[in-house]
Amino acid sequence: MFNKAQVLASDFLVINTINYAVPSSLEHRLFDSEREQLLLKRSVKSKLTFLRSRALIKQYVGLCFDCANEDVEVVFNHQEQCLHALYDSKLVCRVSLSHSGSAIAIALQLSEKPFIFGIDIENKTKKRDFESLAKTCLSVKEQENLRLNLNDSVAFYRQWTLKEALMKATGQPLSTLFSIDSDKILLAQSLTSISFDLHEYVGTFVCTKQASYKFIEIN
């Protein structure tokens, strides 16, 4: 668990978790909007991932804002292209979410002032043709930088998750970001990126340079 006073002093709380257990009662306590989203999930795996992510978000929002987990509603805001955590129908924090395999990574924006932010996580053990993927999703300069490390999955996924996190942070489509150096976007929009390598997963978190954050890992 974390020190609540420290968390609330930060703009962001970044959480990565593996094998997070879903409370058995959660599905019966979902808001109508959440239940509608759950029904759109076709596979058992996608339904479980949805429930795990909502349970995690509700738990930490409840702890940070002194409210019961079941009173926190998590909805997708189409205008801002991110999740909103609501309490008593009022926005209490914004959320960026990513999942891969059994891992879930979330970034909770706890301050009232909105900042640019986004998070992404990927399983680095997936067998992929990194050279072909690099030609598709990285700029020419990024391909050159990666050429000496084509067999290094961590190096590739750091670049890939940075693109995905930037997409969530800036709202630009991936097809646009693929051909642009990520460093140029970070510099132009005064953003910083933080990569993390945990177990078989690699992830990247992007946020406004002035924002503070706290990183928590839960197994």
Side-chain angles (χ1 to χ4, degrees), residues 12-23 26 34 37-38 40-61 74 76 81-83 85 94-109 117-138 142 146 149-175 177-178 182 185-186 191-207 213-219:
F12 294 98
L13 167 65
V14 184
I15 302 171
N16 178 74
T17 181
I18 300 173
N19 300 321
Y20 180 77
V22 178
L26 175 65
E34 297 168 331
Q37 290 300 306
L38 177 62
L40 295 175
K41 308 299 178 183
R42 296 184 178 182
S43 68
V44 173
K45 181 180 179 181
S46 61
K47 289 179 184 291
L48 179 59
T49 298
F50 178 89
L51 290 171
R52 288 178 65 228
S53 64
R54 270 44 182 190
L56 185 64
I57 294 169
K58 288 170 181 281
Q59 177 188 355
Y60 280 86
V61 171
V74 183
F76 184 75
Q81 289 294 298
C82 71
L83 292 171
R94 294 169 176 82
V95 184
S96 183
L97 170 69
S98 180
H99 49 79
S100 178
S102 61
I104 294 176
I106 66 170
L108 304 177
Q109 186 182 56
F117 74 118
I119 197 166
D120 190 64
I121 191 169
E122 287 288 340
N123 188 325
K124 67 184 180 185
T125 65
K126 290 181 180 178
K127 301 297 182 182
R128 289 177 167 173
D129 184 346
F130 295 126
E131 185 173 6
S132 296
L133 283 171
K135 291 179 181 178
T136 302
C137 64
L138 300 182
E142 289 166 340
L146 190 66
N149 298 298
L150 280 176
N151 294 320
D152 184 352
S153 61
V154 173
F156 173 81
Y157 282 118
R158 278 178 178 161
Q159 292 283 353
W160 173 259
T161 56
L162 175 56
K163 296 284 186 182
E164 292 270 6
L166 282 171
M167 176 190 69
K168 297 173 184 178
T170 66
Q172 296 183 66
L174 270 178
S175 57
L177 296 173
F178 284 161
S182 296
I185 300 173
L186 292 170
L191 300 175
T192 188
S193 66
I194 303 96
S195 293
F196 50 93
D197 184 0
L198 299 167
H199 313 290
E200 65 267 37
Y201 297 95
V202 175
T204 301
F205 170 55
V206 170
C207 67
Y213 69 93
K214 183 177 181 65
F215 185 90
I216 296 176
E217 179 190 0
I218 307 169
N219 292 322

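Positions are given from 1, in the same order as the sequence printed here.
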Engineer: Between atom SG of C207 and atom CD1 of I119, what is the distance when rounded to the nearest 0.5 Å?
Structural biologist: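 CD1 of I119 is found 10.0 Å from SG of C207.
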Engineer: Listed by chain and number, what are the side-chain contact (heavy atoms from CB on, under 4.5 Å) partners of E200, not counting sequence neighbours?
Structural biologist: N123, T125
Engineer: Provide the full list of salt bridge (Lys or Arg N to Asp or Glu O under 4.0 Å) pairs with a residue in residues 118-128, sequence neighbours left out, each pair given once.
Structural biologist: D120-K168, E122-K126, K124-D197
Engineer: Tell me every residue that passes ring-ring contact (aromatic ring centres under 6.0 Å, His included) with F205, counting only those two or more places apart in sequence or in another chain.
Structural biologist: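 Partners of F205 under the ring-ring contact (aromatic ring centres under 6.0 Å, His included) test: F12, Y213.
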Engineer: Between N16 and I104, is the side-chain contact (heavy atoms from CB on, under 4.5 Å) condition met? List the steps.
Structural biologist: CA-CA 6 Å; N16 178 74; I104 294 176; over 6 Å; no
Engineer: With E142, which residues qualify under salt bridge (charged side-chain N to carboxylate O under 4.0 Å, His left out), at least two apart?
Structural biologist: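 Scan of E142 (salt bridge (charged side-chain N to carboxylate O under 4.0 Å, His left out), adjacent residues dropped) gives K163.
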Engineer: To the closest 0.5 Å, what do you measure between CG (L97) and CD1 (I15)?
Structural biologist: 11.0 Å
Engineer: Listed by chain and number, what are the side chain to side chain donor-acceptor pair (under 3.5 Å) partners of S96, not counting sequence neighbours?
Structural biologist: none
Engineer: With sequence neighbours left out, what residues match S43 under side chain to side chain donor-acceptor pair (under 3.5 Å)?
Structural biologist: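 Scan of S43 (side chain to side chain donor-acceptor pair (under 3.5 Å), adjacent residues dropped) gives S46.
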Engineer: Quick one: list whatever passes side chain to side chain donor-acceptor pair (under 3.5 Å) with T192, sequence neighbours left out.
Structural biologist: none
Engineer: With S193 as reference, evaluate L166, T161, L162 under the side-chain contact (heavy atoms from CB on, under 4.5 Å) test and give the passing residue.
Structural biologist: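 Per the side-chain contact (heavy atoms from CB on, under 4.5 Å) rule, the option paired with S193 is L162, out of L166, T161, L162.
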Engineer: Do L13 and Y60 have side chains that approach each other closer than 4.5 Å (heavy atoms only, starting at C-beta)?
Structural biologist: yes
Engineer: Tell me, do L38 and L51 make a side-chain contact under 4.5 Å, heavy atoms counted?
Structural biologist: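 Of all side-chain heavy-atom pairs linking L51 with L38, at least one is under 4.5 Å.
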Engineer: Step by step, would you call V206 with F117 a side-chain contact (heavy atoms from CB on, under 4.5 Å)?
Structural biologist: CA-CA 5 Å; V206 170; F117 74 118; over 6 Å; no
Engineer: Starting at CD of E131, measure out to CG of L146 and round the result to the nearest 0.5 Å.
Structural biologist: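 Answer for the CD-CG pair, E131 versus L146, is 9.5 Å.
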Engineer: May I have all residue pairs that pass salt bridge (Lys or Arg N to Asp or Glu O under 4.0 Å) and include part of residues 47-59, sequence neighbours excluded?
Structural biologist: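 Passing the test, one end in residues 47-59: E34-K58.
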Engineer: Verify side-chain contact (heavy atoms from CB on, under 4.5 Å) between V14 and I106, making sure each step is shown before the conclusion.
Structural biologist: CA-CA 6 Å; V14 184; I106 66 170; over 6 Å; no
Engineer: Restricting to ring-ring contact (aromatic ring centres under 6.0 Å, His included), what partner residues turn up for F50, sequence neighbours left out?
Structural biologist: none
Engineer: For S102, check side chain to side chain donor-acceptor pair (under 3.5 Å) against everything at least two apart and list the hits.
Structural biologist: Y201
Engineer: Walk me through whether S100 and Y157 qualify under side-chain contact (heavy atoms from CB on, under 4.5 Å).
Structural biologist: CA-CA 12 Å; S100 178; Y157 282 118; over 6 Å; no
Engineer: Kindly compute the distance separating NE2 (H99) from NZ (K45), expressed to the nearest 0.5 Å.
Structural biologist: 9.5 Å
Engineer: What distance do S182 atom OG and W160 atom CH2 have between them, rounded to the nearest 0.5 Å?
Structural biologist: 11.0 Å
Engineer: Going by the rule side-chain contact (heavy atoms from CB on, under 4.5 Å), which residues pair with A85 if we only count those two or more places apart in sequence or in a different chain?
Structural biologist: V61, V72, V92, C93, V95
Engineer: Any chance you could measure E217, atom CD, to F196, atom CZ, to the nearest 0.5 Å?
Structural biologist: 9.5 Å
